[in-house]
Amino acid sequence: MIFERLDASELAVGTEELARGLIGVVLVRDSVDGRSAGRIVETEAYVIGDPASHAYMGPRQRNATMFLEPFLSYVYLIYGTSFCFNVTSEPRGEGAGVLVRALEPLDGIELMERRRRSDSLRDLCRGPGRLTQALDIDRSLDGRSLLTDPDLWLARAPRARGPIGVSRRIGITRAAHRRLRFYERGNPFVSGPRTLSPP
DNA sequence: TAGGCGATGCTCT
DNA sequence: GAGCATCGCCTAG
């Protein structure tokens with residue numbers, strides 16, 4: 001499948017704006033095993049000064065990438081079992097990012113099924129830990145520029161996107177009331193409780 | 001279909 | 001020593 005690489009002028013700067021703007025954009029993973037790719041259908045914004053953000057306590061070894069520049073990959077291990085993939089979103093010195101929570105599988109579906117050891121299309125990339133497993137994303141891909149990297153990059157949306165829904169973020173305790181989760185309404189590949197989607 | 005819970009390793013207090 | 005931007009398996013209904 002052919003994808004066209006995005007350039008910086010097509011992406012919003014600013015964390016909340018980027019979280020909205022990434023809906024519909026394609027995340028492409030090229031590895032020795034082949035290509036796998038999916039359309040982003042769900043994101044969460046972790047903004048400047050956000051108590052729920054890894055950047056809140058300032059730069060550390062783990063979160064250093066968040067303080068560099070926009071459109072880098074920030075990958076970390078959560079609960080000792082799953083990786084989460086984020087896109088950095090603010091200029092150097094400001095720590096912020098957008099968590100990608102779910103993809104609609106587009107390309108390399110058999111490859112993703114092998115990595116996931118599952119043939120459930122709907123669950124292949126539905127959830128932050130699942131999509132990183134499906135695309136073989138781990139800490140070795142932290143800090144890559146998604147505009148220039150050959151292995152992990154962003155591509156132009158293949159079709160118009162549907163209406164965007166907004167809700168509280170999932171799985172956090174601090175600043176849990178803030179409505180910083182964005183998703184394509186009605187898309188079956190969106191994660192989370194079906195009831196957590198007031199307009 | 002929903003809710004409870006263990007696995008597992010790193011970060012922070 | 002507690003908590004965590006999760007997942008998958010189990011049970012109850």
Side-chain angles (χ1 to χ4, degrees), chain A residues 14-23 27 36 38 40-68 70-90 94-103 105 112-143 146 152 165-184 186 188-198:
Chain A
T15 306
E16 197 167 335
E17 294 81 358
L18 182 64
R20 285 179 177 275
L22 282 176
I23 302 291
L27 179 63
S36 45
I40 296 172
V41 296
E42 180 184 355
T43 61
E44 285 178 356
Y46 287 83
V47 299
I48 294 170
D50 182 352
S53 171
H54 285 181
Y56 188 61
M57 297 299 185
R60 299 286 191 275
Q61 189 164 16
R62 174 176 70 163
N63 65 9
T65 300
M66 295 185 85
F67 294 84
L68 296 183
F71 316 133
L72 304 181
S73 63
Y74 167 51
V75 181
Y76 65 89
L77 180 66
I78 186 67
Y79 295 110
T81 54
S82 307
F83 290 99
C84 289
F85 167 77
N86 302 251
V87 181
T88 62
S89 53
E90 299 284 348
E94 305 280 7
V98 174
L99 171 68
V100 176
R101 286 195 56 90
L103 305 176
M112 294 193 283
E113 287 174 343
R114 282 202 298 277
R115 288 169 176 157
R116 288 266 307 135
R117 286 185 253 280
S118 162
D119 60 358
S120 166
L121 181 65
R122 183 163 176 259
D123 289 341
L124 219 46
C125 302
R126 191 169 65 93
R130 291 171 179 160
L131 75 89
T132 53
Q133 187 179 22
L135 297 193
D136 192 24
I137 294 172
D138 61 22
R139 277 289 282 179
S140 71
L141 292 176
D142 179 68
L146 298 169
L152 188 63
V166 184
S167 83
R168 300 185 331 225
R169 293 173 292 184
I170 293 176
I172 62 170
T173 54
R174 289 167 296 188
H177 63 285
R178 300 190 67 174
R179 295 163 63 80
L180 290 171
R181 172 174 173 256
F182 305 93
Y183 57 97
E184 185 174 45
F189 298 98
V190 171
S191 82
R194 316 310 286 164
T195 51
L196 187 67
S197 51

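Lettering follows sequence order; numbering is per chain, from 1. Computed from a prediction, not measured in an experiment: that's the story for all the values here.
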Pairing check on B:dA7: which nucleotide meets the Watson-Crick or G-U wobble criteria with it, both distances under 3.5 Å? C:dT6
With a cut-off of less than 4.0 Å, is there a side-chain N or O of A:Arg60 near OP1 or OP2 of B:dC12? yes
Face-to-face contact A:Tyr79 to B:dG9 six-ring, under 5.5 Å, under 30°: no
Rounding to a whole Å, what distance do you find between A:Arg117:CZ and C:dC9:P? 12 Å
For C:dG8, take OP1 and OP2 only and decide whether either is under 4.0 Å from a side-chain N or O of A:Arg116. yes
Could you check whether A:Gly129 gets within reach of a base, just the sugar-phosphate, or nothing at all, counting any heavy atom under 4.0 Å? sugar-phosphate
A:Arg174 side chain N/O closer than 4.0 Å to the phosphate oxygens (OP1, OP2) of C:dG3? no
Check whether any side-chain N or O of A:Arg126 sits under 4.0 Å from OP1 or OP2 of C:dC7, and answer yes or no. no
Could you give the distance from CG (A:Asp136) to CD (A:Gln133), rounded to the nearest 0.5 Å? 9.5 Å
Any A:Ser53 side-chain nitrogen or oxygen under 4.0 Å from OP1 or OP2 of C:dA5: no
For C:dA5 and A:His54 - does any side-chain N or O of the residue sit under 4.0 Å from the phosphate oxygens OP1/OP2? yes
Checking all strands, does A:Arg139 fall into the base, sugar-phosphate, or nothing category for heavy-atom contacts under 4.0 angstrom? nothing
Which heavy-atom pair separates A:Ser73 from A:Leu152 by the least distance, and what is that distance? CB-CD2, 4.2 Å
Is any side-chain heavy atom of A:Ile40 less than 4.5 Å from a side-chain heavy atom of A:Leu103? yes
Would you say the side chain of A:Tyr74 lies within less than 4.5 Å of the side chain of A:Arg62, judging by non-hydrogen atoms? yes
Of A:Arg130 and A:Glu44, the one whose nearest nucleotide on DNA chain C sits closer to the 5' end is A:Glu44
